[in-house]
Amino acid sequence: MTKLWGGRFQKSAEAWVDEFGASIGFDQQLVMEDLEGSIAHVTMLGAQEILPVEDVAMILDGLKQLQVKAEAGELEFTVANEDIHLNLEKMLIDLIGPVGGKLHTGRSRNDQVATDMHLFLKKRVAEVIGLIENFQKTLLIQAEQHVETIAPGYTHLQRAQPISFAHHLMAYFWMLERDKQRYQESMKRIDILPLGAGAMAGTTFPIDRLKSAELLGFANVYANSMDAVSDRDFIVEFLSNSSLLIAHLSRFAEEIILWSTDEFKFIELDDAFSTGSSIMPQKKNPDMAELIRGKSGRVFGNLMGLLTVLKGTPLTYNKDMQEDKEGMFDTVHTVLGALKIFDGMVATMTINTKRLHAAVHSDFSNATELADYLATKGMPFREAHEVTGKLVFTCIQRGIYLLDLPLEDMKVESELIEADIYEVLAPEAAVRRRNSLGGTGFEQIKIQLEKAKACLF
């Protein structure tokens, strides 16, 4: 098959070389964006009288026919035509004749592919933002139901202080809010049109780049044609933002996995998000959470892969940059899937409030309350810390907890301790009293929930 660019060549590459260099195996995912860009381009060519009205009409009719076929999944792509651009151009020529070859007037595959990827990410980032908001709403619903559910809070994966379970859930809400803001901010860099930059130096045709931008819904155009065809910052930024998002989801997945074990039993996942064992009938595995935790590695890898590709490429376009797409497509697929799964997983999980209640009444996470109690009575905090530590050690030796320790035994270490200490040590009181801004106190949680709603509604 003769290449659309083959006039200068006297010899064809072997089939396996064509296969190695072709990108159609993955860039066919840009089919709708490529057609969308071509429709805008030829419309602009007509408006500028670069192409005759009748040619423009024929080309537009052909492109729209290809759109219909693409939506129905009826297009057949071939490695012989290398990429999505040449495949579609060949299909157009086959459909409407040689006039289809006029479509490429005033543009290059370099600005064409960059345009496709800008269009693609504009749509997908909007999807990601929408799914993040859906997940935030789910977290908000769960949190509102568990403001006064007391749970152990951890540092170093050791019981630290009692908290509201809603407070724990809302920590992820705010992580997601930052993720959402990063994606929203990145739209400024995605919403710039490269079309019209040509191969790298612009074009001699009297094109109207602003008209193309208007037709495609872009807010701006690249000011420099060399930058336009070589810029992949917007993809790196997407991969970076996605890496942070998947890191947050992976942290949450790890907690879901821990909480669903028999050792914790804080939650039970819905059967729809769990799997069984082929040999152990009793097993209920949190496979979806584990998969999300594992998929973080591929998203991080996609970011590092593209950074490595770009670090040594001189201006402007180089074939290396064909490697920008697979990681982008993979990350889009991974992130969209992870958000949908996590949303459903959290929405349907059962929270074991009895187990959480038992957990905070069988640990020393209320020890800081005793130290604070002594400090409010005038004892230097370091001394209060030491007194509390000694009382904890006494409890450990006896196999009991602070709430079980008789008052007379507490007074051995400090006469400042009175009978009201038992009210102070109650986990519910410990949480309620932490009413500093952003703290886990019930009143602060309610304020936090209102702030969260303001971010969504």
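None of these values were measured; they are calculated from a predicted model.
- T313 and N318 share no side-chain donor-acceptor pair at under 3.5 Å.
- With S274 contributing its side chain and D270 its backbone, the two residues share a donor-acceptor pair below 3.5 Å.
- Aromatic rings from Y222 and H118 are positioned such that their centres are separated by under 6.0 Å.
- Salt bridge annotation for E323-K319: absent, with no cationic side-chain nitrogen under 4.0 angstrom from a carboxylate oxygen.
- F266 and Y154 have tilted rings, their planes meeting at an angle from 30° to 60° on a 0 to 90° scale.
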Fill in: Candidate pair E89 and K102, rule salt bridge (Lys or Arg N to Asp or Glu O under 4.0 Å), full reasoning
CA-CA 10 Å; E89 188 173 340; K102 295 185 177 184; over 6 Å; no
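- With respect to D83 and R109, a salt bridge is recorded, a charged nitrogen being found less than 4.0 Å from a carboxylate O.
- For the pair K122 and F234, the NZ or CZ position fails the cation-pi test of under 6.0 Å to the six-membered ring centre and within 45 degrees of the ring normal.
- Minimum interatomic distance between M200 and T316 (heavy atoms only, all atoms of both residues): CB-OG1, 3.3 Å.
- No side-chain heavy atom of F135 sits under 4.5 Å from any side-chain heavy atom of F173.
- Side-chain contact check for T115 and R107: no donor-acceptor pair (N or O, by modelled atom type) lies under 3.5 Å.
- Between F457 and K137 there is a side-chain heavy-atom pair separated by less than 4.5 Å.
- Checked options I235, V236, L310; the residue passing with D324 is I235 (criterion: side chain to side chain contact (heavy atoms under 4.5 Å, CB included)).
- Within 6.0 Å of atom CD in E49, 12 or fewer heavy atoms from other residues, nucleotides or ligands are found, so the atom counts as exposed in its surroundings.
- A distance-only check finds no donor-acceptor pair linking the side chain of E268 to the backbone of T350 [under 3.5 Å].
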Item to complete: Test R293 against D287 for salt bridge (Lys or Arg N to Asp or Glu O under 4.0 Å), laying out the working first.
Response: CA-CA 10 Å; R293 184 178 60 181; D287 276 14; over 6 Å; no
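- The OG atom of S242 sits 8.0 Å away from atom CD1 of I246, with the distance rounded to the nearest 0.5 Å.
- The two residues G439 and Q444 make their nearest non-hydrogen contact at O-CB, 3.5 Å.
- Rounding to the nearest 0.5 Å gives a distance of 13.0 Å between CZ of R189 and CG of L121.
- Atoms CD1 and CG, from I190 and L119 in turn, are 11.0 Å apart once rounded to the nearest 0.5 Å.
- Judged purely by atom type and a 3.5 angstrom limit, T331 has no side-chain atom pairing as donor or acceptor with the backbone of M328.
- Other residues, nucleotides and ligands contribute only 12 or fewer heavy atoms inside 6.0 Å of the NE2 atom of H385.
- Side-chain contact annotation: Q112 with D34, donor-acceptor N/O pair under 3.5 Å present.
- Partner V360 forms a side chain to side chain contact (heavy atoms under 4.5 Å, CB included) with one of I163, I150, T149 and no other, that one being I150.
- Contact check for L216 versus E36: side-chain heavy atoms found under the 4.5 Å cut-off.
- Residues D116 and H85 are in side-chain contact: their nearest non-hydrogen atoms beyond the backbone lie under 4.5 Å apart.
- Put simply, the side chain of H333 does not reach to within 4.5 Å of the side chain of R124, judged on heavy atoms.
- A 4.5 Å side-chain heavy-atom check between F165 and T440 finds every atom pair outside the cut-off.
- Heavy atoms only, all atoms of each residue included: L140 and A452 are closest at CD1-CB, 3.8 Å.
- Using the six-membered ring where Trp is involved, Y172 and H168 have ring planes that are parallel, under 30° apart on the 30 and 60° scheme.
- Formation of a donor-acceptor pair under 3.5 Å by the T138 side chain with backbone atoms of N134 is found in this model.
- Of the residues listed (Q136, R182, K451), the one engaging E177 in a side chain to side chain donor-acceptor pair (under 3.5 Å) is Q136, and it is the only one.
- Ion pair R251/E254 not flagged as a salt bridge, since none of the NZ, NE, NH1 or NH2 atoms sits closer than 4.0 Å to an Asp/Glu carboxylate oxygen.
- For D61 (side chain) and A57 (main-chain N/O), no donor-acceptor pair under 3.5 Å exists by modelled atom type.
- The minimum heavy-atom distance between G101 and I93, with the atom names listed, is N-CG1, 3.7 Å.
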Practice prompt. Give the intermediate values and the outcome of salt bridge (Lys or Arg N to Asp or Glu O under 4.0 Å) for residues K284 and D271.
Written response: CA-CA 8 Å; K284 184 175 181 180; D271 288 355; 2.9 Å; yes
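- A ring-centre distance under 6.0 Å is not found for W174 and H248.
- Comment: R432 does not engage E443 in a salt bridge, judged by the lack of any side-chain N to carboxylate O separation of less than 4.0 angstrom.
- Proximity of L195 to H41: side-chain heavy atoms (C-beta onward) are separated by under 4.5 Å at one or more points.
- One distance of note links CZ of F342 with CD1 of I132; it measures 13.0 Å at 0.5 Å rounding.
- Interatomic distance, CE of M349 versus CH2 of W259, reported as 6.0 Å (0.5 Å rounding).
- Heavy-atom contacts from other residues, nucleotides or ligands closer than 6.0 Å to NZ of K188 number 12 or fewer.
- In terms of heavy atoms, D179 sits closest to L245 at OD2-CD1, 3.4 Å.
- Note that the OG1 atom of T105 and the CD1 atom of I50 stand 8.0 Å from one another [nearest 0.5 Å].
- Judged purely by atom type and a 3.5 angstrom limit, R355 uses its side chain to pair as donor or acceptor with the backbone of F264.
- The closest donor-acceptor contact from the side chain of Q142 to the backbone of V346 lies under 3.5 Å.
- Of all the heavy atoms in A40 and L215, the pair that sits closest is O-CD1, 3.5 Å.
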Item to complete: Using the side-chain contact (heavy atoms from CB on, under 4.5 Å) rule, take F381 and D372 through it: C-alpha gap first, then chi angles, then the decisive distance, then the call.
Response: CA-CA 7 Å; F381 184 79; D372 286 349; 3.5 Å; yes
Practice prompt. Could you go through the side-chain contact (heavy atoms from CB on, under 4.5 Å) check for V299 and D330 one step at a time?
Written response: CA-CA 8 Å; V299 176; D330 181 68; 5.7 Å; no
Practice prompt. Please report the C-alpha distance between E185 and R178 in whole Å, then the side-chain angles of each, then the deciding distance to 0.1 Å, and finally whether the salt bridge (Lys or Arg N to Asp or Glu O under 4.0 Å) criterion is met.
Written response: CA-CA 10 Å; E185 176 68 20; R178 294 192 297 275; over 6 Å; no
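- Note: F364 and Y401 have tilted aromatic rings, judged against thresholds of 30 and 60 degrees for the angle between ring planes.
- Residues P194 and V229 form no side-chain contact, since every pair of their non-hydrogen atoms from C-beta on lies 4.5 Å or further apart.
- Using a distance-only test at 3.5 Å, with no hydrogens or angles considered, no donor-acceptor pair links the side chain of D320 to the main chain of V309.
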Item to complete: Take L88 and L75 through the test side-chain contact (heavy atoms from CB on, under 4.5 Å) and record every step on the way to the result.
Response: CA-CA 9 Å; L88 289 174; L75 296 182; 4.0 Å; yes
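- Panel note: side chain S38, backbone L35; no donor-acceptor pair is recorded below 3.5 Å.
- Aromatic ring orientation, F120 versus F329: perpendicular (interplanar angle above 60°, classes split at 30° and 60°).
- Between the side chain of D343 and the main chain of L339, no donor-acceptor pair closer than 3.5 Å is present.
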